[in-house]
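In what follows, residues are counted from 1 in the order of the sequence shown.
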Amino acid sequence: MHFSLIIVLLIADYLFDLVCDISTLKCLDKPMPTEFSDVFDEEKYAKSQQYAKAQTKFGICKSSITLLLYLLFLSFNGFSYLDNFVRGFGFGNVFSGSVFIGLVILVLTVFSLPFDVYFTFVLESKFGFNKTSVGTFVLDKIKGVTISLILVCCIFSLIVYIFNAFGTMAWVYTWIALIILGLFLSFVAPVVILPLFNKFVPLPDGELKDAISDYMQRQKFKISGLFSIDGSKRSTKANAFFTGFGKTKRIALYDTLIEKMKTSEIVAVLAHEVGHCVNGHVKKGLITSFLTTGFMLFLFSFFVNNANLYADFGVSESSTYIGMILFSLIFTPVSTIIDIFSAYFSRKHEYEADEYSAKTTDGGTSLISALKELSFSNLSNLTPSPLRVFISYSHPPVLDRIRALREIGKD
């Protein structure tokens with residue numbers, strides 16, 4: 001019963017995503033929006049369409065192979081063999097769970113490596129984005145896997161321990177523990193984890209720093225640091241982001257962004273990031289994430305001791321760590337619905353942040369110019385599928401954002 005259900009859900013999820021990808025490909029035949037005629041020429045627009053097609057087809061290929069491997073793994077009782085292997089060490093559930101999830105991470109890393117290599121050194125290079133050296137790529141993988149192993153294994157061990165020790169109230173204690181851990185990582189990640197991948201350099205004195213500092217003072221918005229990061233060592237794409245809380249709150253600008261944009265455009269982009277904070281979007285996102293986690297743990301508490309669930313996959317002994325993975329597969333439809341709502345509110349927050357930027361800078365003129373520059377530099381898809389946007393876009397299509405900004409500018 002459970003086995004058949006999970007197989008059906010995996011295939012249904014794949015087909016649903018495939019329909020979204022096909023709709024994306026169909027929308028790429030649309031003519032260039034006139035709004036972008038001052039930035040894109042026909043050749044550049046055609047290249048952006050080709051890039052979107054290449055990304056979409058790559059995604060279809062990867063998801064198809066992933067589905068096939070999942071089905072083979074489940075059909076040949078992969079969970080049973082892996083569980084018997086880790087239990088063969090003769091340690092308890094906590095250690096077994098840590099080893100189990102560690103092996104899963106390593107297997108997934110090995111499986112995804114050819115796709116990552118192709119995407120970075122073939123697809124991204126073909127369209128002129130990749131600047132990653134082999135050495136940087138390898139180091140990034142080693143660092144990423146190491147951090148994932150440490151964090152995920154510790155979290156899994158904690159969850160297994162709590163569920164084994166506290167019975168029916170285990171989901172509540174687990175929820176509290178994960179909230180505390182999530183808040184801790186929100187403070188620590190900007191100053192400990194992120195610098196492992198990028199070099200954060202304080203923005204040097206000059207016109208840009210003065211303009212940003214002046215804006216921050218006018219808005220009475222305090223940050224712990226304003227940094228430039230070496231994004232150019234991996235890609236030509238430009239970006240900026242706001243991260244951290246309290247004393248670790250900081251703004252980071254990719255060096256590619258600083259190179260390509262005017263000072264007024266960069267200030268408008270940063271004003272957008274400040275808008276997220278002022279409107280409480282970061283806190284709202286965390287609260288939503290915590291509530292979703294609590295809901296999932298509550299439902300999981302009804303599955304964890306279901307012996308039939310494990311027996312359907314050839315697992316002879318109930319285990320929290322396997323239960324979590326199987327539950328995540330069964331939870332797929334609910335997860336998809338949650339993701340749709342999350343994407344909707346994320347897009348809503350982007351509009352609000354754009355409005356804040358427009359109202360605290362120059363009415364949106366510079367932000368519109370910045371969005372166009374980012375679209376041009378990053379070969380953004382200017383005509384995305386409405387279905388794909390509805391299902392998974394965290395940001396509204398850039399054309400919709402520009403139209404909304406122009407309406408604000410009329411006020």
Side-chain angles (χ1 to χ4, degrees), residues 5-36 40 44-68 70-71 112 115 119 123-124 127 237 239 281 284-285 288-289 292 295-296 328-355 368 371-372 374-376 378-407:
L5 176 62
I6 286 181
I7 295 298
V8 169
L9 290 176
L10 284 173
I11 294 175
D13 184 61
Y14 165 79
L15 292 176
F16 181 67
D17 199 53
L18 182 62
V19 169
C20 292
D21 285 335
I22 292 173
S23 70
T24 295
L25 293 173
K26 289 183 177 180
C27 287
L28 291 173
D29 295 328
K30 294 180 180 180
M32 180 177 67
T34 54
E35 176 68 56
F36 295 91
F40 283 80
K44 191 72 173 184
Y45 178 64
K47 188 175 181 180
S48 71
Q49 290 177 303
Q50 292 166 7
Y51 182 53
K53 287 179 181 178
Q55 285 182 305
T56 303
K57 291 178 179 179
F58 172 78
I60 292 173
C61 177
K62 183 177 180 179
S63 61
S64 299
I65 296 175
T66 300
L67 174 66
L68 177 61
Y70 272 155
L71 296 179
S112 65
F115 294 101
F119 181 81
L123 196 154
E124 291 288 281
F127 289 92
K237 293 180 179 178
N239 201 0
H281 297 159
K284 290 176 183 177
T288 301
S289 175
T292 302
F295 177 61
M296 291 179 63
S328 69
L329 298 177
I330 295 174
F331 194 73
T332 298
V334 179
S335 180
T336 299
I337 294 173
I338 291 174
D339 289 343
I340 290 173
F341 277 100
S342 296
Y344 167 78
F345 284 107
S346 177
R347 293 192 299 272
K348 182 175 180 292
H349 291 164
E350 291 301 321
Y351 281 126
E352 291 174 357
D354 282 349
E355 182 179 4
I368 290 173
L371 289 173
K372 287 186 176 183
L374 286 172
S375 299
F376 179 84
N378 297 345
L379 291 180
S380 300
N381 181 3
L382 303 183
T383 58
S385 157
L387 176 61
R388 174 57 78 187
V389 171
F390 174 74
I391 296 299
S392 61
Y393 265 42
S394 61
H395 288 59
V398 65
L399 182 59
D400 292 348
R401 294 177 68 181
I402 290 175
R403 287 170 176 166
L405 284 166
R406 291 204 184 283
E407 288 300 316

Among all residues two or more places apart in sequence or in another chain, which pass the side chain to side chain contact (heavy atoms under 4.5 Å, CB included) test with T288? T292
Between CG on residue L28 and CD on residue Q50, distance to nearest 0.5 Å: 10.5 Å
Please identify each residue that fulfils side chain to side chain donor-acceptor pair (under 3.5 Å) with Y51, with sequence neighbours left out. Q55, E124, K237
Partners meeting salt bridge (charged side-chain N to carboxylate O under 4.0 Å, His left out) with D400 (sequence neighbours left out): R403
Let me see the working for V19 and S23 under side chain to side chain contact (heavy atoms under 4.5 Å, CB included), right down to the final yes or no. CA-CA 6 Å; V19 169; S23 70; 5.6 Å; no
CG on D354 to CD1 on I402, rounded to 0.5 Å: 9.5 Å
Would you call the rings of F36 and F40 parallel, tilted or perpendicular, where under 30° means parallel and over 60° means perpendicular? perpendicular
Which residues satisfy the side chain to side chain donor-acceptor pair (under 3.5 Å) test with D21, sequence neighbours excluded? R388
With distance as the sole test, does S342 use its side chain to make a donor-acceptor pair with the main-chain N or O of I338 at under 3.5 Å? yes
S394 versus E350, closest heavy-atom pair with distance: O-CG, 3.7 Å
Considering non-hydrogen atoms only, spot the tightest contact between T383 and C27 and give its length. OG1-O, 3.0 Å
Please identify each residue that fulfils salt bridge (charged side-chain N to carboxylate O under 4.0 Å, His left out) with K44, with sequence neighbours left out. none
At what distance, to the nearest 0.5 angstrom, does CG of L18 lie from OG1 of T56? 11.0 Å
Tell me, please, which residues at least two apart from E35 pass side chain to side chain donor-acceptor pair (under 3.5 Å). K372, R406
Looking at F115, I want to see if its CZ is surrounded by more than 12 non-hydrogen atoms of other residues, nucleotides or ligands under 6.0 Å. yes
Not counting sequence neighbours, which residues clear salt bridge (charged side-chain N to carboxylate O under 4.0 Å, His left out) with D13? List them please. none
Quick one: closest heavy-atom pair of P33 and L399, and the distance? CB-CD2, 4.0 Å
Hey, could you give me each pair passing ring pair (Phe, Tyr, Trp, His ring centres under 6.0 Å) that has a residue in residues 385-405? Not counting sequence neighbours. none
Is it the case that over 12 heavy atoms from other parts of the model lie below 6.0 angstrom from the NZ atom of K57? no
Using the test side chain to side chain contact (heavy atoms under 4.5 Å, CB included), find all partners of A343 that sit at least two apart in sequence or belong to another chain. R347
Go through the structure and list residues passing side chain to side chain contact (heavy atoms under 4.5 Å, CB included) with L329, not counting sequence neighbours. I6, L10
Spatial distance of atom CD1 (I337) from atom OG1 (T332) [nearest 0.5 Å]: 11.5 Å
Any donor-acceptor N or O pair under 3.5 Å, side chains S63, Y14: no
Quick one: side chain to side chain contact (heavy atoms under 4.5 Å, CB included) partners of L9, sequence neighbours excluded? L5, P333
Rounded distance (nearest 0.5 Å) linking atom CD1 of I60 with atom CG of D17: 8.5 Å
Quick one: pull up NZ in K47 and CG in L379 and give me the separation to the nearest 0.5 Å. 6.0 Å
With a 6.0 Å cut-off on the ring centroids, do F58 and F119 count as close? yes
What residues form a side chain to side chain donor-acceptor pair (under 3.5 Å) with K30, not counting sequence neighbours? none
Where do L374 and S380 come nearest, in terms of heavy atoms and distance? O-OG, 4.1 Å
L68 and I65: side chain to side chain contact (heavy atoms under 4.5 Å, CB included), yes or no, with the steps? CA-CA 5 Å; L68 177 61; I65 296 175; 5.6 Å; no
